[in-house]
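Okay, structure first, notes after.
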Amino acid sequence: MHITDLLSPDGIQLHAVPADKAAAIDLLADLQERAGNVSDKAAYKKEIWAREELDSTAVENGVAVPHARCSAVTRAGLSAMTAPGGVDYGAEDGQPSTLFFMIAAPEGGGDVHMEMLSHLMVMLMDEEFCQKLLEADSAKNFLALIDAQERLKFPEEAPAEEKQPENSLRVLAITACPTGIAHTYMAAEALEKKGRELGIGVKAETQGSGGAKNVLTREEIAACDGIIIAADKNVELGRFDGKPLLRVPVSDGINKPQELIERIINGQAPIYHHQGGAAAVENDGGEKLGRRMYKHLMNGVSHMLPFVIGGGIVMALSFLLDGGAAGTSGFGSSWILPAFFNKVGNIAFSFMVPILAAYIAQSIADRPGLMVGFAGGSLAATGATFAYFADPTVPIVPAGFLGGLLAGFVGGWFMKYLRKLCDKLPSSLEGLKPILIYPVVGLLFIGAFMCLVNPFVGLLNEALTSGLNSMAGSSALLLGALVAGMQATDMGGPINKAAYVFGAASISMAEGGFSPVMAAVMAGGMVPPIAIALATIFFKNRFTAEERKSGPVNFIMGLSYITEGAIPFAASDPLHVLPACIAGSATAGALSMAFGCASPAPHGGLFVFPVMHNPLGYAAAVLIGSVVGMFLLGLLKRKKA
């Protein structure tokens, strides 16, 4: 995010003459409103003054940077003002402030205001640069000076110059998938590639696991013909108010890029109208309940994964390093290094259920849902009940993953409707809602609700845990084949994700945190790309020249447990590719169960083999499943001319 993306000419006033600090804040807030960054100027100013009462935001060198995060902010933005005559703004050096930047940050907008603040502080330490800003004779020159300084101070963040097609039509896109690993970038690449083929400028912002890249600027949004949101999780839509906008699954961005682009060009996209200025997530309107629930769930899962992966692998390392204590009560912590790994891994892993619930609730109700979901998930993990408070000797049965799901959805929906109810309160109580009403009422509700349902969910969770841990023989083979086959059914779609979530949940239920189900799920996800890569080598005449070139890349994707590498092949010939991949994945899943393999982490592929139970058996299961898939591909696919 660059300063010039957030500051428009409408938000700049040069050579102002404010009488005092209050007048300066009034002028800057007026500029924020004129730039379209705030919906309620009075509420925004109230938050600005609340921040100023803590400590003046004036710094040295005649600079002041008032800032606030507020529900009245519709989009992150800046206003700027020069006052050569100076204003007493309360700077520590006693000098008047002559250069002002006011930051407006929306609730739930991440750390964008901190990024703006850090960039500004670095740039404004340069006295010569500040003097040039004071001497600027137009808003255009003011912006040009800022852009040049930011490129100088942060060269690694300077946007790459890309030559866009000369065609006047422009399409923008945002792509995002729950894990932010493969689908996100494949959809962006497919849309931009198809745009080049059609002679239409397409730019895609990717919201992956490493954060947003190729971010859309305000000017690009204003000039474009429409926006494509190809995402399986909620994304911020407030900046697209009044623009034609399509919302589709991320898989459509991969498989139907031309159709989506043409719908924008032909004016077939509905106009998006943002509701609830503070909301940082998209409106639920127009989407089916099942898809909305899926996106909320995936928002929780995507935030939960780092805790499960990191915690699971680090815990597994503690056992790997403590083989001499195997079979004893101190296994995994009998000396300092494994004890350290075990403790650190356990702490990270213990956040799995609270984080899942917190971000499901946040996806539904925005920022007010975060605390309620986290508290509900923690209560589910601890198994708190009213009976326990009456008699501490009553045994506790944690509600676990299932309780976390319930806490996230119920807490999120409660906070969503509480916010709607509070909208009827007088505007004078606006400031009380986020700091008093939402947290207190929400916490009391979710506390009472979870204590009421925990005994029942705990019994269900215990029954499921016992069933998984006692599974053996044909039932285990069947379960392994089923969940692994689901991984190859839609390769990253809802069926794939359903099996994945079940596998991730099974880690918390499994003895010692090593899950046979998760191992089978991961094997099923690794097989399709590897089987296709093998088939492009041993059955070359079943593939086009372009497919043969991209085949070896699937080895890397398959070994890394990125099933999506098989999507282009499945999309071009689903009737022959999908059955072969499903059969190969099911074989690998059943063999993984038969060999007693178990995984402590829900991702990683080849890189977590060393910390798995029976890694050699697991490698054999994946290899055999891939070979089965390869031979079926050779049998089912027709020869290419």
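- Using a 4.5 Å cut-off on side-chain heavy atoms (C-beta onward), F351 and F374 make contact.
- Side-chain contact check for D225 versus I265: every heavy-atom pair is 4.5 Å or farther apart.
- Considering CE of M304 and CG of L297, their distance stands at 8.5 Å, rounded to 0.5 Å.
- Between the S592 side chain and the A588 main chain, no donor and acceptor come within less than 3.5 Å of each other.
- Around atom NZ of K256, no more than 12 heavy atoms belonging to other residues, nucleotides or ligands sit under 6.0 Å away.
- Using a 4.5 Å heavy-atom cutoff, the side chains of E262 and Q268 are not in contact.
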Please output the side-chain donor-acceptor pairs of residues 512-529 that fall under 3.5 Å, not counting sequence neighbours, one pair per line with the distance.
{"unit_1": "S515", "atom_1": "OG", "unit_2": "S506", "atom_2": "OG", "d": "2.5"}
{"unit_1": "S515", "atom_1": "OG", "unit_2": "V517", "atom_2": "N", "d": "3.3"}
{"unit_1": "S515", "atom_1": "OG", "unit_2": "M518", "atom_2": "N", "d": "3.0"}

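- No donor-acceptor pair under 3.5 Å is formed between the side chain of S585 and the backbone N or O of I582.
- Y359 pairs by the ring pair (Phe, Tyr, Trp, His ring centres under 6.0 Å) definition with H303, not counting sequence neighbours.
- The CG atom of L172 sits 11.0 Å away from atom CG of L191, with the distance rounded to the nearest 0.5 Å.
- Atoms CD1 and CZ, from I229 and R247 in turn, are 8.5 Å apart once rounded to the nearest 0.5 Å.
- The stretch residues 542-594 participates, sequence neighbours left out, in these ring pair (Phe, Tyr, Trp, His ring centres under 6.0 Å) pairs: Y561-H603.
- Taking CZ of R638 as the reference point, atom CG of N541 lies at 14.0 Å (rounded to 0.5 Å).
- Distance check: T536 OG1 to L534 CG gives 7.5 Å after rounding to the nearest 0.5 Å.
- Side chains of L260 and I264 form no contact here, defined as non-hydrogen atoms less than 4.5 Å apart.
- With a 4.5 Å cut-off on side-chain heavy atoms, D252 and P249 count as touching.
- Side chains of F539 and L635 form no contact here, defined as non-hydrogen atoms less than 4.5 Å apart.
- Within the 4.5 Å cutoff, no side-chain heavy atoms of I227 are placed close to those of Y272.
- Between M298 and V501 there is a side-chain heavy-atom pair separated by less than 4.5 Å.
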